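First up is the structure itself, then whatever we jot down about it.
What you are looking at is a predicted structure, and each value in this text was computed from that prediction instead of being measured. A, B, ... follow the sequence lines: proteins, then strands. Residue 1 opens every chain.
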Amino acid sequence: MELPGWLARGLVDLFPAGSGGATDPDQQLGARLAEAETAGRPLRVKLGIDPTGSDIHLGHSILFRKLRAFQDAGHTAVLIIGDFTARIGDPTGKSSTRVQLDAEAVEANARTYLEQLGQGQPRERALLDFETPGRLEVRRNSEWLAGLDLPQVIDLLGISTVGQMLAKEDFANRYGCGTPISLHEFLYPLLQGYDSVAVQADLELGGTDQKFNVAMGRDLQRHFGQRPQFGLLLPILPGTDGVQKMSKSLGNTVGLREDPLSMYSKLEKVPDAVVDAYLTLLTDADLAALPGNPRERQKAMALEITRARHGSEAAAQAQADAARLVAGVAGTGAADAEVPEASLAAVNFPARAFYLLAAVGVCASSSEARRAIQGGGVRLDGLKLADPNQEFADAAALDGKVLQLGKKTFRRLVAG
RNA sequence: GGGUCGGUGCCCGAGUGGUUAAUGGGGGCGGACUGUAAAUCCGCUGGCUCUGCCUACGUUGGUUCAAAUCCAACCCGGCCCA
């Protein structure tokens with residue numbers, strides 16, 4: 001049975017793959033969709049997120065986009081905030097035990113996540129549809145996990161075996177090279193699987209690295225007498241380096257909250273090899289209709305993704321500004337470009353150059369600023385600063401000037 | 001619980017009593033170059049309004065003129081045995 005295009009786009013794995021009859025709604029997703037439609041019952045599509053950080057980046061957004069597609073097709077998105085599991089730490093992809101977070105930090109993260117996903121915004125602008133009734137259910141898994149008692153936990157633990165756990169790649173690697181694995185980490189896949197039971201998921205979305213956990217959900221649902229969910233896996237987005245997965249700790253991310261210019265300029269530099277993956281996974285664009293020239297294609301991709309987030313106007317502006325910056329006109333002709341402002345209010349005058357850079361937030365420390373100046377990477381209104389000790393008497397001497405660090409960082413200084 | 005090995009800067013990893021923020025790699029940042037990127041080459045890579053002063057080699061205490069380097073206790077981890 002054919003899957004609709006919106007569903008199949010970018011898909012790398014779907015299970016069960018449909019060994020049973022072509023019309024078996026437990027084996028064929030297509031059949032399940034048809035069944036739902038006939039019954040007038042939307043499917044419950046689970047996506048779990050662990051609120052362990054504060055910024056959502058494009059890598060995460062692949063899954064949210066797919067979830068949104070289900071919403072738009074009339075199904076119910078069940079977004080699970082892993083407020084309880086975040087406190088254990090998902091061992092997936094980690095080479096060491098993840099730090100456990102306290103409850104307040106988790107809750108704060110959860111709120112910023114929802115905000116970034118578009119809570120309170122009209123659905124045309126938001127990543128998820130928060131508006132249409134019945135299309136979204138936001139659940140925190142502490143709701144059912146916090147109340148489990150020991151006999152229930154033991155029951156869960158009985159479902160899997162050490163062998164199965166060690167078959168999981170991350171555990172196997174860590175066990176193999178002698179990095180510690182805490183026992184509570186074995187609980188993670190079980191608890192996440194239990195989420196599927198709690199929300200009676202028909203289908204779970206996840207990255208390919210989540211296969212083990214999603215499969216575990218099926219086992220648990222079966223154990224608790226439910227129909228097992230389908231697993232729908234999407235690729236892990238390569239980061240802007242084009243090699244490693246997009247991840248905050250690797251510094252190769254593009255954040256959802258980034259301004260249009262930095263979003264666009266990061267994207268237009270992504271290696272050619274991953275441009276098509278970005279297009280497939282992060283846009284609805286028709287790849288065949290895009291320019292074949294690699295550089296043009298790159299730009300089209302950057303423009304399209306920026307537009308989805310910030311609107312056509314801002315994206316076009318960002319493209320123009322980016323071109324101008326690369327051309328090296330910045331600093332003088334950048335007056336109208338999107339140069340972020342930096343206030344001089346916190347600076348104590350007279351200020352020496354190296355201190356200024358740190359005080360204004362361009363450099364992390366004054367020592368770093370000193371080195372940057374000595375390295376010849378700092379300009380003020382286009383003129384290279386040579387002496388880190390150069391002194392500025394007052395804010396008026398700097399007001400309105402553009403401070404530049406390297407090729408990418410610009411700040412318009414503003415007094416007051 | 002016993003035995004044993006180990007814990008060094010963002011990461012990996014040298015150093016095992018002596019003027020030194022501490023070799024080397026990776027990564028990062030800056031410069032040159034280029035269709036952006038990559039590759040390559042060069043520089044920087046603890047903090048401080050800085051020609052000096054602080055803080056650093058798991059933690060705490062000790063020995064010494066002097067310790068990342070020696071000693072003790074503690075904490076954390078690997079492996080083997082229970």
Side-chain angles (χ1 to χ4, degrees), chain A residues 94-97 99-100 173-183 185 238-254 261-278 291-303 305-306 318-330 344 346-380 383-395 397-398 403-410:
Chain A
K94 296 290 185 283
S95 49
S96 56
T97 308
V99 281
Q100 298 181 38
N173 290 151
R174 280 166 61 188
Y175 193 66
C177 53
T179 24
I181 302 172
S182 291
L183 283 175
E185 295 182 68
T240 50
D241 57 2
V243 181
Q244 292 184 281
K245 69 168 187 172
M246 186 174 283
S247 151
K248 186 145 193 190
S249 56
L250 295 172
N252 59 3
T253 62
V254 179
L261 178 57
S262 68
M263 185 178 259
Y264 179 87
S265 35
K266 279 186 186 179
L267 288 169
E268 74 161 350
K269 290 170 187 164
V270 160
D272 294 343
V274 297
V275 167
D276 281 5
Y278 274 49
N293 174 290
R295 180 65 181 139
E296 291 308 311
R297 203 174 174 89
Q298 236 175 1
K299 286 191 191 168
M301 179 275 288
L303 187 65
I305 294 175
T306 309
Q319 187 172 49
D321 289 344
R324 187 164 8 194
L325 292 185
V326 169
V329 201
L344 293 168
V347 181
N348 295 319
F349 287 95
R352 309 233 229 174
F354 70 90
Y355 157 73
L356 178 75
L357 292 243
V360 142
V362 170
C363 289
S365 72
S366 64
S367 301
E368 184 181 308
R370 171 177 289 274
R371 284 180 231 116
I373 295 169
Q374 280 165 345
V378 179
R379 290 163 185 272
L380 185 64
L383 292 172
K384 190 174 281 188
L385 276 181
D387 179 12
N389 291 317
Q390 183 175 342
E391 203 167 276
F392 301 96
D394 49 37
L398 292 166
L403 188 63
Q404 177 182 1
L405 171 68
K407 286 174 187 142
K408 292 166 231 152
T409 310
F410 295 87

Start with the C-alpha distance between A:L344 and A:L356, add both sets of side-chain angles, then the distance that settles side chain to side chain contact (heavy atoms under 4.5 Å, CB included), and finish with yes or no. CA-CA 9 Å; A:L344 293 168; A:L356 178 75; 4.0 Å; yes
Should A:T240 and A:K269 count as side-chain neighbours, where that means a heavy-atom distance under 4.5 Å? no
Inter-nucleotide P distance (B:U23, B:G77), Å rounded: 30 Å
At their closest point, which heavy atom of A:V275 faces which heavy atom of A:V270, and how far apart are they? CG2-O, 4.2 Å
Measure the distance from OH on A:Y175 to P on B:G78 and round it to the nearest whole Å. 10 Å
Determine the interatomic distance between C1' on B:G46 and the same-named atom on B:C65; round to the nearest Å. 27 Å
Consider the side chain of A:R295, meaning its heavy atoms from C-beta on, and name the nucleotide among B:C50, B:U45, B:G35 that approaches it most closely. B:G35
Every protein N/O within reach of nucleotides 37-40 of chain B N/O, cut-off under 3.5 Å:
from  : atom 1 : to     : atom 2 : distance (Å)
B:A37 : O2'    : A:K269 : O      : 3.4

Whole angstrom is fine here: how far is it from OH in A:Y355 over to P in B:G47? 17 Å
Between protein and nucleotides 21-26 of chain B, map the contacts as a letter string: B base, S sugar-phosphate only, - none, heavy atoms under 4.0 Å, written 5' to 3'. ------
Atom CD of A:Q319 and atom C1' of B:U36 are separated, to the nearest Å, by 12 Å
Tell whether A:R370 reaches the base of B:C50 with its side chain through a donor-acceptor pair below 3.5 angstrom. yes
Closest non-hydrogen contact found for A:T253 with A:K266 is O-NZ, 3.0 Å
Inter-nucleotide P distance (B:G2, B:G15), Å rounded: 31 Å
If you measure from CG on A:L267 to OG1 on A:T306, what distance do you get to the nearest 0.5 Å? 5.5 Å
Comparing nearest nucleotides in RNA chain B, the 5'-proximal residue of the pair A:N389, A:G377 is A:G377
Minimal heavy-atom distance between A:R297 and A:D276, with the atoms involved, is NE-OD1, 2.8 Å
Sidechain-backbone polar pair: A:Q298 side chain, A:A300 backbone, donor-acceptor under 3.5 Å: no
Can you check the distance between B:C48 and B:G58, where both ends of the measurement are the C1' atom (answer in whole Å)? 26 Å
Which residues, if any, of residues 358-368 of chain A bring a heavy atom under 4.0 Å of RNA chain B? A:S365, A:S366, A:S367
For the pair made of CG in A:L398 and P in B:U49, what is the distance, rounded to whole Å? 17 Å
Applying side chain to side chain donor-acceptor pair (under 3.5 Å), can you list everything that pairs with A:N293, at least two apart in sequence or on another chain? none
With rounding to the nearest 0.5 Å, note down the distance linking CG in A:L403 to SG in A:C363. 8.5 Å
Let me spell it out: for each of A:G376 and A:V347, pick the nucleotide of RNA chain B with the closest heavy atom. Which residue's pick is nearer the 5' end? A:G376
If we take the P atom in both B:G24 and B:A73, what is their distance in whole Å? 37 Å
When every non-hydrogen atom of A:N348 is compared with those of A:Y355, the smallest separation belongs to N-OH, 3.0 Å
Heavy-atom closest pair, residues A:L261 and A:A318: CD1-O, 3.6 Å
Span that lies between the C1' atom of B:C70 and that of B:U64, in whole angstrom: 9 Å
Looking at A:F349, I'd like to know if its CZ atom is crowded, meaning that more than 12 non-hydrogen atoms belonging to other residues, nucleotides or ligands lie closer than 6.0 Å. yes
Rounding to the closest angstrom, what is the interatomic distance between B:U63 and B:C54 at atom C1'? 26 Å
Taking all non-hydrogen atoms of both residues into account, name the closest pair between A:P238 and A:V274 and its distance. CG-CG1, 3.6 Å
Heavy-atom distance under 4.5 Å between the side chains of A:R295 and A:E268, does that happen here? yes
How would you label the contact of A:P388 with the nucleic acid (heavy atoms, under 4.0 Å): base, sugar-phosphate, or nothing? nothing
Can you check the A:D387 CG to B:C50 C1' distance for me, whole Å? 12 Å
CZ on A:F354 to CD1 on A:I373, rounded to 0.5 Å: 8.5 Å
Tell me, which pairs form a side-chain hydrogen bond (donor to acceptor under 3.5 Å, both in side chains) where one or both residues lie in residues 362-375 of chain A, sequence neighbours left out? A:R370-A:N389
Which part of the nucleic acid does A:R371 contact within heavy-atom distance under 4.0 Å: base, sugar-phosphate only, or nothing? sugar-phosphate
Could you write out RNA chain B as dot-bracket? Rules: Watson-Crick or G-U wobble, both distances under 3.5 Å, brackets [ ] for crossings, | for pairs with another strand, dot for unpaired. ((((((((.[[[..)..(.....]]]((((((.......))))))(((...)))...[[[[[..)....]]]]]))))))).
Interatomic distance where CD1 belongs to A:I181 and P belongs to B:G77 [whole Å]: 13 Å
Take the protein atom CD1 of A:I373 and the nucleotide atom P of B:G31, then report the distance between them rounded to whole Å. 13 Å
Rounded to whole angstrom, note down the C1' distance from B:A68 over to B:A21. 12 Å
Nucleotide B:U36, atom P - distance to CZ of A:R297 in whole Å: 20 Å
